[in-house]
A.B. asks: 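Sharing a structure below in structure tokens format, with a few things to ask.
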There are 2 protein chains.
Amino acid sequence: MALSPIQPRPCTDPDCRGQHAPDERVALAGSLCNARGAQLTKLRRQILELLWESGRPTGAYELVEALKLKTSRPVAPPTVYRTLEFLMSQSLVSKIESRNAYVPCVHPERQNDCLFFICSDCGTSVELEDPRIERLISENAAIIGYRPTRRVVEVEGVCRSCRAAGAAGK
Amino acid sequence: MALSPIQPRPCTDPDCRGQHAPDERVALAGSLCNARGAQLTKLRRQILELLWESGRPTGAYELVEALKLKTSRPVAPPTVYRTLEFLMSQSLVSKIESRNAYVPCVHPERQNDCLFFICSDCGTSVELEDPRIERLISENAAIIGYRPTRRVVEVEGVCRSCRAAGAAGK
DNA sequence: TGCGCAACGTTATAATGTTGCGTTCGTTGA
DNA sequence: TCAACGAACGCAACATTATAACGTTGCGCA
């Protein structure tokens, strides 16, 4: 059964994080895959959904655990890693290298490398784009003769609410 | 025996990579540690030296192997990891998160997070600084209310000589 | 002499990621 | 109809990266 052909709806609001339900995210992913001639199978859909539901960068083995509750049979690590690889190849998921964890992409229709902020306190992450940073990276790359293929920009810090909570706790 | 008090000599030439021998690098590290009240012990010195000699991001277990040849007794992983942690705390070494590997810092006297370019072909890395990128990251962080504590910027790509070699090989 | 501390040693194990091969299942084409 | 094929997944074993927990050494110092 084919997905209903949902048009990609890029969210131009820079503050759109968390404003769409997981189902909606997964549905968009499905139509994107369709358009690209790739298939978002049940397992892939489930894992993407788990990532959206999690709300923070999630490790591969955490997904293995979570799938035990969601599926009839347990799913082994290689399957999860293969699935993550697929989802990353479709820009539906990014890996947070500094955490060995995976997050769903807010704007999978734009196949860009993004900028991630990760709170060292609560573990949540925020995805941003900044073309100016991308441009500067490209400039620097050109100066030293590199042709970039992938950009990893991850900023660890403390988010607003955790700072507030920390200050209140004192 | 104390090290001779070598003054940190920041290399203002942006192209200074690879222009100082490992001994010179290690000597500078020693005087920096002295100045900071930290001690660059024999083991720490050896590991830093190995990293400078390696010429590319090097894994912790590679260091374990390399130390087998350099030292009388083999050194176990926890020791290497502790040493790397110390070296990172002194800004003498950075971790390349996207590779799980470690590189010595070109300018340990400037305790900045840098920008790394890693060649996916030959595995070498180049360290750069760009205050403009740092500023943009801070700006973005401020917008979403983050207080950054660490910046990871790693760019994977193909370096000039590998591109030349690749083109010549065809 | 004995205390305290930093560095290092040692054993075991946790956490993360991969290889290789087999099975299932749907499609395709003679 | 059915062999051939390929994509997706199952699975056992293994490789790699990292840490926990605890013991030992050596040095400065009261």
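Chain letters run A, B, ... following the sequence lines, proteins first and then strands; every chain starts at 1.
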A.B. asks: Could you give the CZ-to-P distance, from B/Arg99 to C/dG17, as a whole number of Å?
C.D. replies: 15 Å
A.B. asks: To the closest 0.5 Å, what do you measure between CZ (A/Arg132) and CZ (B/Arg132)?
C.D. replies: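 Separation between the atoms: 12.5 Å.
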A.B. asks: Under 4.0 Å between a side-chain N or O of B/Gln39 and OP1 or OP2 of C/dA6?
C.D. replies: no
A.B. asks: Can you measure A/Leu84 atom CG to C/dT18 atom P for me and round it to whole angstrom units?
C.D. replies: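 Atom CG in A/Leu84 sits about 11 Å away from atom P in C/dT18.
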A.B. asks: Give, ordered by number, those residues of residues 53-80 of chain A having at least one heavy-atom distance below 4.0 Å to an atom of DNA chain C; if nothing qualifies, reply none.
C.D. replies: A/Tyr61, A/Pro78
A.B. asks: Using a 4.0 Å heavy-atom cut-off, does B/Lys42 contact any base of the nucleic acid, only the sugar-phosphate backbone, or nothing at all?
C.D. replies: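 Nothing, no nucleic acid heavy atom in range.
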A.B. asks: Is the shortest side-chain N/O distance from A/Tyr81 to OP1 or OP2 of C/dT18 below 4.0 Å?
C.D. replies: no
A.B. asks: Just how far, in rounded Å, is P of C/dG17 from CD of A/Glu97?
C.D. replies: 8 Å
A.B. asks: Under 4.0 Å from OP1 or OP2 of C/dC8: is there any side-chain N or O of B/Thr41 that close?
C.D. replies: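 Answer is yes, contact under 4.0 Å.
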A.B. asks: May I have the list of side-chain donor-acceptor pairs in residues 144-153 of chain B shorter than 3.5 Å, sequence neighbours left out?
C.D. replies:
unit_1   : atom_1 : unit_2   : atom_2 : d
B/Thr149 : OG1    : A/Glu156 : O      : 3.1
B/Arg150 : NH1    : B/Glu97  : OE2    : 3.0
B/Arg150 : NH2    : B/Glu97  : OE2    : 3.0

A.B. asks: So which atom in B/Cys105 and which in B/Trp52 form the shortest heavy-atom distance, rounded to 0.1 Å?
C.D. replies: O-CZ2, 3.3 Å
A.B. asks: Where each residue is assigned the nucleotide of DNA chain C containing its nearest heavy atom, which of A/Tyr102 and B/Arg44 is assigned the position nearer the 5′ end?
C.D. replies: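 Mapping each residue to its closest nucleotide by heavy atoms, the 5'-most match is B/Arg44.
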A.B. asks: Should the pair A/Lys68-A/Glu65 be classified as a salt bridge under the 4.0 Å nitrogen-to-oxygen rule?
C.D. replies: yes
A.B. asks: Of the nucleotides D/dC22, D/dG10, D/dA8, which has the atom closest to the B/Arg82 side chain?
C.D. replies: D/dC22
A.B. asks: Would you find a donor on one side and an acceptor on the other, under 3.5 Å apart, between the side chain of A/Thr58 and the backbone of A/Arg56?
C.D. replies: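 Side chain of A/Thr58 to backbone of A/Arg56: a pair is present.
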A.B. asks: Nearest whole angstrom, please: distance from the C1' of D/dC9 to the CZ of A/Arg45.
C.D. replies: 17 Å
A.B. asks: Roughly how many Å is it from CG in A/Leu43 to P in C/dC25, rounded to a whole number?
C.D. replies: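 About 15 Å, once rounded to whole Å.
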A.B. asks: For the residue pair B/Arg25 and B/Leu28, establish whether any side-chain heavy-atom pair is separated by less than 4.5 Å.
C.D. replies: no
A.B. asks: D/dT17, OP1 or OP2 - any side-chain N/O from B/Lys95 closer than 4.0 Å?
C.D. replies: no
A.B. asks: Looking at D/dA18, I'd like to know if its phosphate oxygens (OP1 or OP2) sit under 4.0 Å from a side-chain N or O belonging to B/Asn100.
C.D. replies: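 Yes, such a contact exists.
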A.B. asks: What integer distance in Å separates A/Ile47:CD1 from D/dA8:C1'?
C.D. replies: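 Result: 12 Å.
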A.B. asks: Do NZ/NE/NH1/NH2 and the carboxylate oxygens of B/Arg99 and B/Glu154 come within less than 4.0 Å?
C.D. replies: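 Looking at B/Arg99 and B/Glu154, the cut-off is not met.
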